[in-house]
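Here is the structure we will look at, set down as structure tokens.
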Amino acid sequence: MPELPEVETIAQGLRPLLTHRTITGIPHLAPHLNPQGPNSLIEKLIGQQIQGVSRRGKLLFLDLSPTERIAFHLRMTGRLGMSPAGEPPGAHVHLLINLDNQSALYFQDQRKFGTFRHYTEQELNAWPFYSRMGPEPLSVGEEEFLGRVEGRRGRIKALLLNQEVVAGIGNIYADESLFRAAIHPATPASALSRPRITSLYHALQNVLREAITAGGSSIRDYRTAAGLVGTFQNAFQVYGRKDQPCLRCAESLRTTKVAGRTTCYCPTCQPEPVSG
DNA sequence: AGACCCCTGGAC
DNA sequence: GTCCAGGGGTCT
């Protein structure tokens, strides 16, 4: 579910509620999500004060100290939110963290793809998914983005989805940014001129900024930290709009598969690359 | 690059 | 029933 704008929205919502709170208990912890053993995690967390909430790509961190944090990856259906302490976990709640102000942070995940783990900085840097992660798309400079995309083999959408190229893009924002840049998702990156990659860079930044402002996109499961739906789904131009008219040219939008993901595009505004 | 895998539930 | 879903890992 959550891509960069959704994780950022959740982080912004949790930050004022969690910063400087002390963890007083872990009343619920699903064993299947805790390979290190329950006592190991509980011992590491009880009594710790949360120093802040941060995000890197699609990872959300509870910062416990300069060298210790909890990393959450929400994958498809993960949610983070607050509930009154002592409230019994609802369906699919896999972690409950009691805090020193009678509130609790919960992690809920219907499909159980989501993960969380306590990391030291050393352990985090030894995690390839983290250490190999590309730059933040909203911070990366135009030149660096060009350098990471220009001339590479692979289709442009696959590169956008590759967290080592740029971190935090998923199926929605890949499709939306490619439509805005008028690039067919299956175009080999090597077939894109510098001006077209630059156009994609700006389209990507714009769509991510707008989505964060809208509180993210709620297709099914995503909710903000306060349990509210985002509204950027109302601004989708291609995602989920198969067979509906293109908002720019009225042509019927189509789907194809790129990088194993359903991909929605306009066959007129995003023409197939000439040579393939 | 593609085929599965993890898992649950909604749409058809 | 079957297919599909904001993700990512592994294996061919």
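Throughout, protein chains are lettered first and strands after them, A, B, ... in sequence-line order, and every chain is numbered starting at 1.
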(request) Could you measure between the two C1' atoms, the one in dA1(B) and the one in dG6(C), and give it in whole Å? (result) 22 Å
(request) In whole angstrom, give the distance that lies between atom CZ of Arg79(A) and atom C1' of dG6(C). (result) 13 Å
(request) Considering only atom P, compute the distance from dC7(B) to dT10(C) and round it to an integer number of Å. (result) 16 Å
(request) Find the distance Lys242(A):NZ to dC3(C):P and express it as a whole number of Å. (result) 15 Å
(message) Less than 4.5 Å apart, side chain to side chain, heavy atoms only: is that true for Leu14(A) and Leu105(A)?
(response) yes
(message) Expressed as a whole number of angstroms, how long is the span from Asp175(A):CG to dA5(C):P?
(response) 11 Å
(message) For His94(A) together with His32(A), are the ring centres under 6.0 Å from each other?
(response) yes
(message) Can you list, in residue-number order, the parts of residues 211-219 of chain A that come under 4.0 Å of DNA chain B, counting heavy atoms only?
(response) none
(message) Output the rounded distance in Å from CG (Leu74(A)) to C1' (dA5(C)).
(response) 15 Å
(request) Go through the structure and list residues passing salt bridge (charged side-chain N to carboxylate O under 4.0 Å, His left out) with Arg196(A), not counting sequence neighbours. (result) none
Just the table, please: protein N/O against nucleotides 1-4 of chain B N/O, every pair under 3.5 Å.
residue: dG2(B); atom: OP2; partner: Arg155(A); partner atom: NH2; Å: 2.7

(message) With a 3.5 Å distance limit and no angle check, can you tell me whether Glu8(A) reaches the backbone of Leu4(A) through a side-chain donor-acceptor pair?
(response) no
(request) Give the C-alpha distance, both sets of side-chain angles, the deciding distance and a yes or no for salt bridge (charged side-chain N to carboxylate O under 4.0 Å, His left out) between Arg180(A) and Glu210(A). (result) CA-CA 13 Å; Arg180(A) 289 182 182 214; Glu210(A) 291 167 28; 2.8 Å; yes
(request) Let me know which of Phe61(A), Phe116(A), Tyr106(A) forms a ring pair (Phe, Tyr, Trp, His ring centres under 6.0 Å) with Phe72(A). (result) Phe116(A)
(request) Considering only atom C1', compute the distance from dG1(C) to dC6(B) and round it to an integer number of Å. (result) 22 Å
(message) As a check on the pairing definition, encode DNA chain B in dot-bracket form, counting Watson-Crick and G-U wobble pairs whose two distances are under 3.5 Å, and using | for partners outside this strand.
(response) ||||||.|||||
(request) Using only side-chain N and O atoms of Tyr239(A), determine if any of them is under 4.0 Å from OP1 or OP2 of dG6(C). (result) yes
(message) For a quick check under 3.5 Å, do Lys157(A) and Thr263(A) share a side-chain donor-acceptor pair by atom type?
(response) yes
(message) Please determine whether salt bridge (charged side-chain N to carboxylate O under 4.0 Å, His left out) holds for the pair Arg194(A) and Glu143(A), giving the CA-CA distance in whole Å, both sets of side-chain angles, and the decisive distance to 0.1 Å.
(response) CA-CA 10 Å; Arg194(A) 287 177 69 91; Glu143(A) 280 306 316; 3.4 Å; yes
(request) Walk me through it: do Gln51(A) and His20(A) pass the test side chain to side chain donor-acceptor pair (under 3.5 Å)? (result) CA-CA 5 Å; Gln51(A) 305 302 320; His20(A) 303 321; 4.6 Å; no
(request) Mind listing the closest non-hydrogen atom pair of Gln205(A) and Val140(A) along with its distance? (result) NE2-O, 3.7 Å
(request) Establish, with yes or no, whether the OP1 or OP2 oxygen of dA5(C) is under 4.0 angstrom from a side-chain nitrogen or oxygen of Thr262(A). (result) yes
(message) Measuring from atom CG of Asn171(A) to atom CE of Met76(A), what distance do you get when rounded to the nearest 0.5 angstrom?
(response) 8.5 Å
Using the 3.5 Å cut-off, write out each protein N or O paired with an N or O of nucleotides 8-12 of chain C and the distance between them.
residue: dG8(C); atom: OP1; partner: His73(A); partner atom: NE2; Å: 2.9
residue: dG8(C); atom: OP2; partner: Lys58(A); partner atom: NZ; Å: 2.9

(request) Would you mind calling dG6(C) syn or anti? Take O4'-C1'-N9-C4 for purines or O4'-C1'-N1-C2 for pyrimidines, and syn is within 90° of 0. (result) syn
(message) Tell me if a side-chain donor or acceptor on Ser177(A) pairs with a main-chain N or O of Ala203(A) at a distance below 3.5 Å.
(response) no
(message) Donor-acceptor check, side chain of Ser252(A) to backbone of Pro245(A), threshold 3.5 angstrom: yes or no?
(response) no
(message) Does the protein touch nucleotides 7-12 of chain B at the base, only the backbone, or not at all? Give it as B, S and - per nucleotide, heavy atoms under 4.0 Å.
(response) BBS---
(request) Measure from the side-chain N and O atoms of Thr19(A) to the backbone N and O of Arg15(A), and report whether any donor-acceptor pair falls under 3.5 Å. (result) yes
(request) Would you check if the side chain of Gln49(A) reaches a backbone N or O of Leu64(A) as a donor-acceptor pair within less than 3.5 Å? (result) no
(message) Any donor-acceptor pair under 3.5 Å linking the side-chain atoms of Asp63(A) with those of Ser54(A)?
(response) yes
